[in-house]
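Because only heavy atoms are used, hydrogens play no part in the values below, and waters and symmetry mates are left out as well, while side chains stay in. We name chains A, B, ... by the order of the sequence lines, and we start the count at 1 in each one.
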Protein chains: 2
Amino acid sequence: MSRKEQIDQVATTLFKSRGFAATTMRDLALELGIEAGSLYSHIKSKEDILQRVCFRMADEFNAAFDEVKSQDVPAGEKLRLAIAAHVRVLTKNPPAAGVFLNEWRHLSEPSLSQFNGMRHAYEESFREIVREGIATGEFKVNDEKFVVLTLLSSLNWLHMWYKPEGKMSPDDIAEFLSNLLLNGLKNF
Amino acid sequence: MSRKEQIDQVATTLFKSRGFAATTMRDLALELGIEAGSLYSHIKSKEDILQRVCFRMADEFNAAFDEVKSQDVPAGEKLRLAIAAHVRVLTKNPPAAGVFLNEWRHLSEPSLSQFNGMRHAYEESFREIVREGIATGEFKVNDEKFVVLTLLSSLNWLHMWYKPEGKMSPDDIAEFLSNLLLNGLKNF
DNA sequence: TTTATTTGCTAACGAGCGTTAGCTTTTGTA
DNA sequence: TACAAAAGCTAACGCTCGTTAGCAAATAAA
């Protein structure tokens, strides 16, 4: 791992736990055992780090979803696969997921607009699956926008407590969440 | 409304949209049409504002839940009522809800510990309902901790897009979310 | 061994931060 | 009208911030 990657990684954990704005370059340097000024031999700016973390995660989510998109299965099954893919990315790197989900708003233009565009496209992909399920009668709901926002929200808190050493694997978690969302508490 | 309350209110919208750390006292003063120093005729400190907003909201959530607690109804119905109460508080003041949910970590000790205690107790109240539903066989799920975290997460994004002038009332929203969580997409 | 590259240090810059002291103006009350 | 309280202003404090310039050490390649 290059020094630059190491900086990104340590910065990610700090951004997640303290927030981007409340993390100083001197904090980050201290964590790495160097002086603040030395960071600038490797990075361009503080926001430079944030951009890399955010867009790298966005790419990962998109890549994971693309494999689901092409599958020719019923909407319910496709949604299960999409949830599993999403959970896999979330749990693979929880700190980066936390930054991606909570700190993106500290991006400045034009990165901010670009990021929002990607985010919107990703949500639209989920909506497409739900619309399909509604069209075939598999899903009984009628407001796919509301459903997808709820769905993603119920997934996106995972990074806050998921620990790799826990007893549930990412796929276990995905199955649990899929059952809950598709069948509900009463028919779980 | 006193000047102090007005300051709290304007600060709340700024804290929510830019984050606590990224909001300056000079920003806040500008929004109010006064000078930064003048704020200190009314408030003790920047964090003073954050404390008031966070604990005021915590009180509101607790008060709303207490009315549900005493009802003698099946778990499923009680959960519906708790969800409706939670949604009502969330939608009554979305900016304050946003601060309560996302900015509390900028509290310093001992407020931070106190806040976390209240938050934990609130979550525990929800868990109690779900445990009851599991015990009576009404809920088919088995991990009540996981369920409650998912449940609250699926509610707590609401403040981000809810607009009072929208076509769904808070109670409509609560019913929609209750149906989704209790019955699932397939049995909605 | 020479040379180039990577990595790091020191010291400082200009700017912005939360906050305070002391004073003036406005407002409400008797 | 007189007076007290509330509200706001100006100017500055001590501090921290992200970042830079210039230089030195370590590392790797030739």
Side-chain angles (χ1 to χ4, degrees), chain A residues 1-55 95 99 102-112 115, chain B residues 1-56 95-96 99 102-112 115:
Chain A
M1 183 164 55
S2 76
R3 200 67 169 123
K4 183 172 176 179
E5 287 166 337
Q6 196 187 350
I7 291 174
D8 283 357
Q9 184 182 310
V10 174
T12 300
T13 73
L14 289 178
F15 289 172
K16 188 194 172 183
S17 62
R18 311 182 188 180
F20 175 78
T23 300
T24 71
M25 298 306 278
R26 285 167 177 85
D27 287 340
L28 175 53
L30 185 67
E31 204 78 17
L32 288 158
I34 61 177
E35 295 297 319
S38 309
L39 290 166
Y40 290 84
S41 297
H42 306 278
I43 62 162
K44 219 172 97 269
S45 68
K46 188 186 180 188
E47 192 183 326
D48 188 39
I49 304 176
L50 183 63
Q51 281 182 27
R52 267 195 303 280
V53 176
C54 286
F55 285 100
V99 172
N102 298 322
E103 306 300 328
W104 57 268
R105 61 180 168 155
H106 292 106
L107 292 169
S108 57
E109 296 293 352
S111 300
L112 184 58
F115 184 88
Chain B
M1 183 166 53
S2 75
R3 201 64 169 125
K4 183 173 176 178
E5 287 168 335
Q6 196 187 350
I7 290 174
D8 284 356
Q9 185 182 310
V10 173
T12 299
T13 72
L14 288 179
F15 289 172
K16 190 195 169 182
S17 62
R18 309 182 190 181
F20 176 77
T23 301
T24 71
M25 298 305 278
R26 286 165 176 87
D27 286 340
L28 174 53
L30 185 67
E31 205 78 17
L32 287 158
I34 61 176
E35 294 297 318
S38 309
L39 290 165
Y40 290 83
S41 298
H42 307 276
I43 63 162
K44 219 171 96 271
S45 67
K46 189 186 179 187
E47 191 181 326
D48 187 39
I49 305 175
L50 182 63
Q51 280 182 27
R52 268 195 302 280
V53 177
C54 285
F55 285 99
R56 200 174 290 153
V99 172
N102 298 322
E103 306 299 326
W104 56 268
R105 60 178 168 157
H106 293 107
L107 292 169
S108 57
E109 295 296 351
S111 300
L112 184 58
F115 185 88

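- Atom NE2 in B:His106 sits roughly 15 Å away from atom C1' in C:dG18 (whole-Å rounding).
- For A:Leu39 and C:dT7, the CG to P distance is 13 Å, given to the nearest whole Å.
- Not one side-chain nitrogen or oxygen of A:Ser41 sits closer than 4.0 Å to the OP1 or OP2 atom of C:dG8.
- Note that the CE atom of A:Met25 and the OG atom of A:Ser45 stand 7.5 Å from one another [nearest 0.5 Å].
- Remark: A:Phe15 CZ to A:Asp27 CG distance equals 10.0 Å, nearest 0.5 Å.
- Rounded to a whole Å, the CG atom of B:Asp48 is 13 Å from the C1' atom of C:dT19.
- Looking at B:Thr23, B:Leu107, B:Asp8 one by one, the single match for side chain to side chain contact (heavy atoms under 4.5 Å, CB included) with B:Leu50 turns out to be B:Leu107.
- For the atom pair CZ (B:Arg18) and NE2 (A:His106), the distance works out to 11.0 Å, reported to the nearest 0.5 Å.
- In this structure, CD1 of A:Ile7 is placed 14 Å from P of C:dT6, rounded to the nearest angstrom.
- Computed from coordinates, the A:Ile34 CD1 to C:dG8 P distance equals 5 Å when rounded to whole Å.
- In terms of heavy-atom proximity, B:Leu112 sits nearest to B:Arg105 at CD1-CA, 4.3 Å.
- The base of C:dG16 is not paired with the side chain of B:Arg26 by any donor and acceptor separated by under 3.5 Å.
- Rounding to the nearest 0.5 Å places CG of A:Asp48 at 9.5 Å from OH of A:Tyr40.
- A straight line from CD of A:Gln6 to C1' of C:dG8 spans 14 Å, rounded to a whole angstrom.
- At the heavy-atom level, B:Ser2 lies nowhere under 4.0 Å from the strands shown.
- Of the two residues contacting DNA chain D, namely A:Lys44 and A:Thr24, the nearest-nucleotide position lying further toward the 5' end is that of A:Thr24.
- Atom NE2 of A:His42 is separated from atom C1' of C:dT6 by 7 Å (rounded to the nearest Å).
- The distance between atom CD of A:Glu5 and atom P of C:dT6, rounded to the nearest whole Å, is 14 Å.
- Using a 4.0 Å cutoff to heavy atoms of chain A, the contacted part of DNA chain D runs 5' to 3' from D:dC17 to D:dT20.
- Nearest heavy atoms, B:Arg3 versus B:Gln6: NH1-OE1, 2.6 Å.
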